[in-house]
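Comments concern the structure below.
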2 protein chains.
Amino acid sequence: MYRGNFEVEDYIVERSALRHADVDGNVISLSEAEGRAPRLELTVSETALHFRSLDETINRFWIRIHADNDEHVWGGGEQMSYFDMRGRRFPLWTSEPGVGRDKTSEITFKSDLKDKAGGDYYNTNYPQPTYISSARYALHVETTAYSVFDFRRKTFHEIETWAVPERIELFAAPNFVELVEALSLRFGRQPELPDWVYKGAIIGLKDGVNSFERLEKMRNAGVQVSGLWCEDWVGLRQTSFGSRLFWDWQANDERYPDLRERIAELNGEGIRFLGYVNPYLCVDGSLFPEAEAAGYFAKDQLGRTAIVDFGEFDCGVVDFTNRQAADWFAEEVIGRRMLDFGLTGWMADFGEYLPIDVELSNGIDAKLMHNAWPTLWAEVNAKAIASRGKTGEALFFMRAGFTGVQKHCPLLWGGDQSVDFSRHDGLVTVMCAALSSGVLGNAYHHSDIGGYTSLFGNVRTPELLMRWAEMAAFTPVMRSHEGNRPRDNIQIDQDPEVLDHFARMTRIYVHLAPYLKTLSKEAAARGLPVQRPLFLHHEHDPKTYAIQDAYLYGSELLVAPVWHAAQEVRSVYLPGGADWVHVWSGVEYTGGEEVTVASPIGCPPVFYRSDAAFAETFKALKGM
Amino acid sequence: MYRGNFEVEDYIVERSALRHADVDGNVISLSEAEGRAPRLELTVSETALHFRSLDETINRFWIRIHADNDEHVWGGGEQMSYFDMRGRRFPLWTSEPGVGRDKTSEITFKSDLKDKAGGDYYNTNYPQPTYISSARYALHVETTAYSVFDFRRKTFHEIETWAVPERIELFAAPNFVELVEALSLRFGRQPELPDWVYKGAIIGLKDGVNSFERLEKMRNAGVQVSGLWCEDWVGLRQTSFGSRLFWDWQANDERYPDLRERIAELNGEGIRFLGYVNPYLCVDGSLFPEAEAAGYFAKDQLGRTAIVDFGEFDCGVVDFTNRQAADWFAEEVIGRRMLDFGLTGWMADFGEYLPIDVELSNGIDAKLMHNAWPTLWAEVNAKAIASRGKTGEALFFMRAGFTGVQKHCPLLWGGDQSVDFSRHDGLVTVMCAALSSGVLGNAYHHSDIGGYTSLFGNVRTPELLMRWAEMAAFTPVMRSHEGNRPRDNIQIDQDPEVLDHFARMTRIYVHLAPYLKTLSKEAAARGLPVQRPLFLHHEHDPKTYAIQDAYLYGSELLVAPVWHAAQEVRSVYLPGGADWVHVWSGVEYTGGEEVTVASPIGCPPVFYRSDAAFAETFKALKGM
């Protein structure tokens, strides 16, 4: 690991086929040949294959699943590059997602050189060893070990895990909707969105007290606002890389004087205040000594507090496998210093960085706990909120995830896209992320409007910012971000055209709120994601199976954001079995074909079903 | 394969440990466990382990060889990046060597993008599954299958072959010199250098008739010349990539009018003429129809002549596993059209490009013949020369190689370095190439003075050209090359300082000829390479084991070329057990320590043993 980026290499000493099976009821003992000692025991239950290793030297496991030549598979957690995973190999290991994520791009090349941070198509903050097959089944591997889904073969899928998994769970349903419902039941459903969110966008600013003025200016320009999100609420630290947050999770009076009062004022105007937190504590903060004295940190090989270098500052990792440590963080940090202080939400960052060489309180190898960490981190946040009775009201958002994060995390955020239109790290990847995580039971997804990562001279264009905003208007939550280099990149409030466009998009978002509310109820009740792949409601139209740059927003809207620069016209495949009305022109199309529509800035291709319950609401978009 | 660059990927289905051995005399049957069917038979002879597969499903083979923690290993064919291979993994597969050969360099990144041609540290035209260990043994794997030498483990070396090898040969000797002698006997020794070579440099020009004038100008400037090498003797073809040679191996009257007469004139002045040939025939040449009618080409899956695209022109591959085809090429092409025409030598290019999907006359899988190809190609050239009684007189040089090329190829050339000082593709790699191939029995090595590959704006500096020439003066053959883009790169005859320097270096080369002749006799008689690793004569000084940027030239000279830009001073380790005299200053040093000497252009660090038989010759260098 180097700052959340991993280089993974394996050396296969032996890989033995367990060809011989002795069957005793529902227990199957597997060995290399008749007469040889069984090495693996397989118990078949109604919904799963349970595995038990009979040989402690086994540390790798492979299994092949029958595949059809024309089968599609989706899932794997939150995938950024490929929604349909067939034909590729996906390591599943929570990590930084990479910059550029494309070994043929110069940005990735430079990021690899500088920080080993370029990444590749499979890197994600949120992997999950679960997939849905177009053969109408889903498969989940219950393990937190490093694992690989290999969908490159024509006749089988191969699953590899770096430990014998507990079990492989199987789900079958007559249709995709029921399959998604079943998975969301299995992994946990999120509550409905809080009512305050529907009031507009969450404005991300990290400009100290200036943030309030700038927010005011934006509101005056007609921007509908639900919250102000200031990640710098904890104060800053200056490093040679630029300003970093001060990782000691409490309000910083210097950067935000009288913050408690300011929050109350905002609340009075119907605007919530959101902050930032992550599971590390910097050694020079006030919380570190307290946590260290109590033994709450993960340890190094010598039993000392493990220190992780984040670039000119060191931190301890709170050991969430220690119940006391987790409870302390939930109560003392999130509970007292954030919720009680007045925060209604926050970015719960990181979760991907558990070093694999630390010693943990539960005694389990950190290599096995690494993937489990995001879910433990989500749970700490969720418990803190529950302790204040604010579940469904306070809103935190995470980029990291793993199996079970669904149960605790009320909102995913798509991580750190580059501020561009690139295929593997730009705007388009957010859709793939929403769809892949969505079918695994994460109902709510959103992203940094305008992207985040600006490196090597790659900066936002006004066009990008506008295209991103007009996609975000058709997602559960609109939230802006100044990016990693605010001064080098255009901000929403710096350009009248951009600001105007953004204000209009927030009005569209608010206008759609009644519809979104019904989707949110549906998510809470049935586990259906707000953003859905086209095939979810059109599974008899296989042309929809590979589409990842358009989505259904609920069942009634089809959104096909423009994700290329200077694209004034876009082609969109409209699923068969319905008629679709283009919202900006009112033109009606019969589904089952690709249509081309004008897509100037401000008019992303959006269609509604002609038979939509909310047809009048959608029709009114034309005049907005 | 894409134009000689390969992407190799494997999928291990099973890897079984054959733990159980049944011993019957010198025959050992190996199986997975007692009572199970033996899968591999191992016969132990005095010098080898012979393998026989008893299970036709076996298509991979691994074996571990005991290793000491501080062991060094050398060989692997002609390695460009690492002479001591310990700590790294070396796939052994003949291919293009790569451009930049360093995944962190921009040139490699761009070459990978453009042509998949960037390469890596292990890519080489001449791999060979043979190594010498500092534990005073050598090991050779007799197979032409793709193989890998993995020297990354502390306690063992691992050898992987993609077929059960015929045998593993073992060599032991009390010292390194005898080990190298034994290997050279095993793989075949080269004849002495032809006498004409000692007269000076072989001048590479590809400028049509202008070449003769330019040669004259160089001679007038004091350049000592042994040969004129014009690879464009066959004429040119214009493509969008620039000028390419016309691959129909005979003199082109348009580009070189009256060539036969010009060659005779040159010969009269003691200068030989050299050309170029490779094992392909272009479809629009005169030889193609003849070879096709006779069925001399490798076939595709449908039994038709396999056509290989070389970038806007197509070629057939002469099938050297067909005895008639090989004989035809040797007699009709090399014999009649080259030797009989008056050529005394040529670059025998390629050998690495046998496509792995062709059908060959001998019925063996092209994947197994791919590595064998360079040796077959060398044999065709050697036979042609032998048929004219010109062995040891006509001189061809190859970059491609494999086991056994030693027997046929009289001179290696280091392939296509970039025109720079880069660590993995510049001047320094030529030394590594000479040393690694040298200890495996290739006595003669040389390189393109000034490098060859100029891409993406990377061009020669006068300094590079001069540094390269002053290294080449201390190698068996001096040969210049205009490079792949002659017009964009400085040429020797374009700059008075460079020309002067070059002329002086050719005089130094000629001055050393009597010494070189003794080394050549030693090579022919004992198999010792002209360029030798320091440890070959100083094996009790382990500090010499990892040195790859200096070499012994015979046993009496130590050459440490400057391989960085603007390096006016260089440090050199002088082996213990001898006193060394710095040729340019006359200062004497006691071996066993690192010394630092001035190294301005024209004075590369060179030392001679104070007790050298040729001490007077070396002493005289000071005044040259």
Side-chain angles (χ1 to χ4, degrees), chain A residues 2 7 9-20 30-39 55 57-64 87-89 100 102-118 120 148-160 424 456, chain B residues 2 7 9-20 30-39 55 57-64 87-89 100 102-118 120 148-160 424 456:
Chain A
Y2 180 77
E7 210 172 293
E9 200 186 336
D10 201 18
Y11 172 48
I12 295 175
V13 178
E14 281 186 65
R15 174 170 162 152
S16 306
L18 302 183
R19 284 197 176 76
H20 182 75
L30 296 166
S31 63
E32 273 142 13
E34 190 161 0
R36 298 208 62 197
R39 301 183 71 187
D55 176 347
T57 68
I58 295 179
N59 57 12
R60 295 290 182 278
F61 171 95
W62 291 268
I63 191 169
R64 290 179 178 181
R88 292 189 177 79
R89 181 179 183 272
D102 174 358
K103 295 303 185 201
T104 69
S105 81
E106 223 163 297
I107 283 186
T108 295
F109 175 68
K110 288 178 176 172
S111 297
D112 276 339
L113 273 195
K114 188 170 170 285
D115 291 316
K116 304 175 190 291
D120 213 331
V148 179
F149 278 3
D150 190 345
F151 297 113
R152 291 177 299 179
R153 316 285 163 190
K154 284 191 174 166
T155 57
F156 60 89
H157 309 315
E158 187 170 275
I159 293 167
E160 172 182 350
H424 293 283
F456 312 112
Chain B
Y2 180 76
E7 210 172 292
E9 201 186 333
D10 200 20
Y11 172 48
I12 296 176
V13 178
E14 281 186 66
R15 175 170 161 152
S16 306
L18 301 183
R19 284 196 175 76
H20 183 74
L30 296 166
S31 64
E32 274 142 14
E34 191 161 0
R36 299 207 61 199
R39 301 184 69 188
D55 176 347
T57 70
I58 295 179
N59 56 11
R60 295 292 183 275
F61 171 94
W62 291 268
I63 190 168
R64 290 178 178 182
R88 292 189 176 79
R89 180 178 184 272
D102 174 358
K103 295 302 185 200
T104 69
S105 80
E106 223 164 296
I107 283 185
T108 296
F109 174 69
K110 287 178 176 171
S111 296
D112 276 339
L113 272 196
K114 188 170 170 286
D115 290 317
K116 304 173 191 293
D120 213 331
V148 179
F149 278 2
D150 190 344
F151 297 113
R152 291 177 301 178
R153 317 286 162 189
K154 285 191 174 166
T155 58
F156 60 88
H157 309 314
E158 187 170 276
I159 293 167
E160 172 182 349
H424 293 282
F456 311 114

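Side chains included, hydrogens not; waters and symmetry mates left out as well; all remaining heavy atoms used. Bear in mind that the values here come from a model prediction, so they are computed numbers and not experimental data. Each chain gets a letter, A, B and so on, in the order the sequences are listed, and its residues count up from 1.
- Test A:F149, A:W62, A:F151 against A:H157 for ring-ring contact (aromatic ring centres under 6.0 Å, His included) and you get one pass: A:F151.
- Looking at A:E158, only its side chain comes within 4.5 Å of chain B, counting heavy atoms on both sides.
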**Message:** Please evaluate residues A:R60 and A:D10 with respect to the criterion salt bridge (Lys or Arg N to Asp or Glu O under 4.0 Å), reporting the C-alpha separation (whole Å), side-chain torsions for both, the decisive distance (0.1 Å), and the verdict.
**Reply:** CA-CA 10 Å; A:R60 295 290 182 278; A:D10 201 18; 2.8 Å; yes
**Request:** Show your working on side chain to side chain contact (heavy atoms under 4.5 Å, CB included) between A:E32 and A:L18 and close with a plain yes or no.
**Result:** CA-CA 4 Å; A:E32 273 142 13; A:L18 302 183; 3.9 Å; yes
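- The contact between A:S105 and chain B is made entirely by backbone atoms, counting heavy-atom distances below 4.5 Å.
- Judged by distance alone, the side chain of B:R15 and the main-chain N or O of A:V13 form a donor-acceptor pair under 3.5 Å.
- When the shell of 6.0 Å around NZ of A:K116 is examined, it contains 12 or fewer heavy atoms from other residues, nucleotides or ligands.
- Contacts of A:R153 with chain B are made by side-chain atoms alone, with heavy-atom separations under 4.5 Å and no backbone atom involved.
- At a 4.5 Å heavy-atom cutoff, A:K110 makes no contact with chain B through either its backbone or its side chain.
- Interface remark: A:I12 contributes backbone and side-chain atoms alike to the contact with chain B (heavy atom separation under 4.5 Å).
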